[in-house]
Amino acid sequence: MAEPAAVTPTLRALLGRRDLRLRLALDESALPGGSLDRAARWVHSSDLADPTPFLSEGLVLLTTGTQFADAAPAGYDAYVDRLSARGVVGLGFGTEVVRDGIPAHLAAACLAAGMPLFEVPYRTPFIAVARAGAEAIAAEAYARRSWSLAAQRAVSLAALRPDGLSATLAELSRQLDCWVGLYDPSGALRIAHPTGTMDTDALGILAGDVAEVLRRGTRAGSALRVNGAEATLQTLGRGGQLRGVVAIVGTDLDHEARSVVTAVVAMAGLALEQQDGLGRAVGALRAGLVQSLLSDDPSLARRAARELWGALPTAPVVVGLTPAASVRSRALVEWLEARAHEQLFFGRGDDGVVLVVPAASRALLDETAERFDLVVGVSAPAAYDAFSSALAQARTARDRASSPGVADFADASRAGVLSALGSDAARTVAAGVLAPLRQHDDAQGAALVVTLDAWLAHDCSHEATAQALGIHRHTVRARVAQAERVLHRDLSSFAARAELWTALRLAE
């Protein structure tokens, strides 16, 4: 963080004021490290035996010692312990006002408690010490406000550069002297400054915190610790439509620093909103190229893609298709856009996002399905002149999947043609075909459905069916004839038998 022009108000700075002639009464080496460098938020004077109800943390207290007139050694210890517990950072003793010099018991109590003790000589009024502290505090506040204005101007100028968003975050990192990262709506780290300074464990922890913020989907700013370092997360965008998260690691933000961060967040949000128009245009172009590929002539798509994103994925390719609702997922599109250089082409289709990768690079489809909890239907490997068939395969595999993950058309084809007919409409028709047989069985106590199922399963052999059911072959023949009369169909034809067998399978 840029150094302010004024000296930070600390006890060391106060003792360094030569005009006050203050003297540290204890050996600094005997005090805890940094005791003189704690921030002094105010200077106050009191001779109360217990002034702590009227004190605040970070205060320097001045006293003339009238409260110690009849104090025993233990009284000094109790007094200093109360001050230390309240957060007093230093005790000044005014000598030659009530008594000469600093009481030895007070010095011993301060040494034991690690409380800095200094002498305020008679010629230095307490009001002069208090005024010096107030001036230092005011000077620091002015310096911080000046720094904040200068920092906001610097990040505003950075926003005007061609790489405005990245430059703005880089300037914020420089001004705060810390790590700054931008995460997209999917939780992926898109921009980081300075690069390579965050270890893998810290990045993993931070990514989990960012994912939780994005999952809630509400605008928020949150403070946390990452591997012992102060961290701040600030969302970008509107509630329910978050555009990402800015993460700041390595500094504790005061009011002025938060003002700079607020300005950067506003500019980053505006930059992302301005990119929406371009993003919609790119999305429309991608969708057009998908439609071009469906003609099974990839020449136009090849030329356009090469100019904008690089060559199309190398054939043979596999085609993936997400659910229709995913086309509205900004997080999915931005995540895919960031990976389009990884031998991936994608675009909006009629009923989902179409993904095209080389047949040997299917891992990206697995990662997509896992990250966004989606079904991704995947075709068999194909050339671009069979793209339309590959997309149809991907759609079939997607529509037959029952849970998120990658669904392969190869698995769907192994299940057979009949499994693709298992829609509600097909089952309803099947039930209608078998209804006369079931009604006859219920009314007559017959077993036509069971007999026909066994007869078809045994290639329409009366002998084999009879053995399977434990009845006479003439009984089988009679039941088949009865079924023909009930159904008003001639079961001697292959077509009639195939339709009946299909109805029985769909009714299972």
Side-chain angles (χ1 to χ4, degrees), residues 1-46 51-63 79-94 109-111 113-120 124 126-151 175-178 223-225 228-232 248-262:
M1 192 178 297
E3 288 294 331
V7 176
T8 302
T10 62
L11 184 55
R12 186 185 301 280
L14 195 63
L15 292 173
R17 288 280 298 264
R18 293 185 179 181
D19 57 319
L20 298 177
R21 298 181 292 277
L22 307 178
R23 180 185 66 84
L24 185 63
L26 302 175
D27 185 354
E28 183 179 354
S29 64
L31 296 171
S35 295
L36 301 185
D37 297 312
R38 295 170 62 189
R41 303 179 186 278
W42 198 247
V43 179
H44 184 64
S45 62
S46 174
T52 54
F54 313 103
L55 305 181
S56 61
E57 186 178 359
L59 184 141
V60 174
L61 181 65
L62 307 177
T63 183
Y79 176 80
V80 174
D81 287 343
R82 286 193 296 270
L83 298 184
S84 182
R86 189 65 183 89
V88 172
V89 299
L91 178 63
F93 193 89
C110 286
L111 185 63
M115 170 73 70
L117 175 66
F118 61 94
E119 179 186 1
V120 183
T124 302
F126 281 3
I127 189 64
V129 181
R131 183 170 61 246
E135 290 172 352
I137 293 169
E140 185 199 35
Y142 177 77
R144 292 295 296 150
R145 285 194 295 272
S146 299
W147 166 83
S148 178
L149 292 173
Q175 291 289 337
L176 298 182
D177 190 24
C178 66
L224 54 141
R225 296 188 70 83
E230 297 288 341
T232 301
I248 301 166
V249 181
T251 186
D252 186 11
L253 303 178
D254 61 9
H255 176 74
E256 285 71 23
R258 284 195 296 272
S259 297
V260 178
V261 171
T262 299

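Heavy-atom basis, side chains included; hydrogens, waters and symmetry copies ignored.
Every side chain to side chain contact (heavy atoms under 4.5 Å, CB included) that R145 has, sequence neighbours left out, goes to A141, Y142, E256. Residues forming a side-chain hydrogen bond (donor to acceptor under 3.5 Å, both in side chains) with T124 (at least two apart in sequence, or on another chain): none. Every residue two or more places apart in sequence or in another chain was checked for a side-chain hydrogen bond (donor to acceptor under 3.5 Å, both in side chains) with R131, and none qualifies. Applying the ring-ring contact (aromatic ring centres under 6.0 Å, His included) criterion to F93, with sequence neighbours excluded, gives no partner residue. With sequence neighbours excluded, the residues satisfying salt bridge (charged side-chain N to carboxylate O under 4.0 Å, His left out) with R23 are E119. For A85, the side chain to side chain contact (heavy atoms under 4.5 Å, CB included) criterion is met by no residue, not counting sequence neighbours.
L31 CG to L111 CG: the interatomic distance, rounded to the nearest 0.5 Å, is 7.0 Å. Atom NE2 of H44 sits about 7.0 Å away from atom CG of L59, to the nearest 0.5 Å.
Across all their heavy atoms, D81 and A113 have their closest contact at OD1-CB, 4.1 Å. Between M115 and V89, the shortest heavy-atom distance links the atoms SD-C, 4.1 Å.
Inter-residue side-chain proximity for V60 and V88 is flagged as unmet; no heavy-atom pair is nearer than 4.5 Å.
E28 has a carboxylate O that lies under 4.0 Å from a charged side-chain N of R12, or vice versa, which qualifies the two as a salt bridge.
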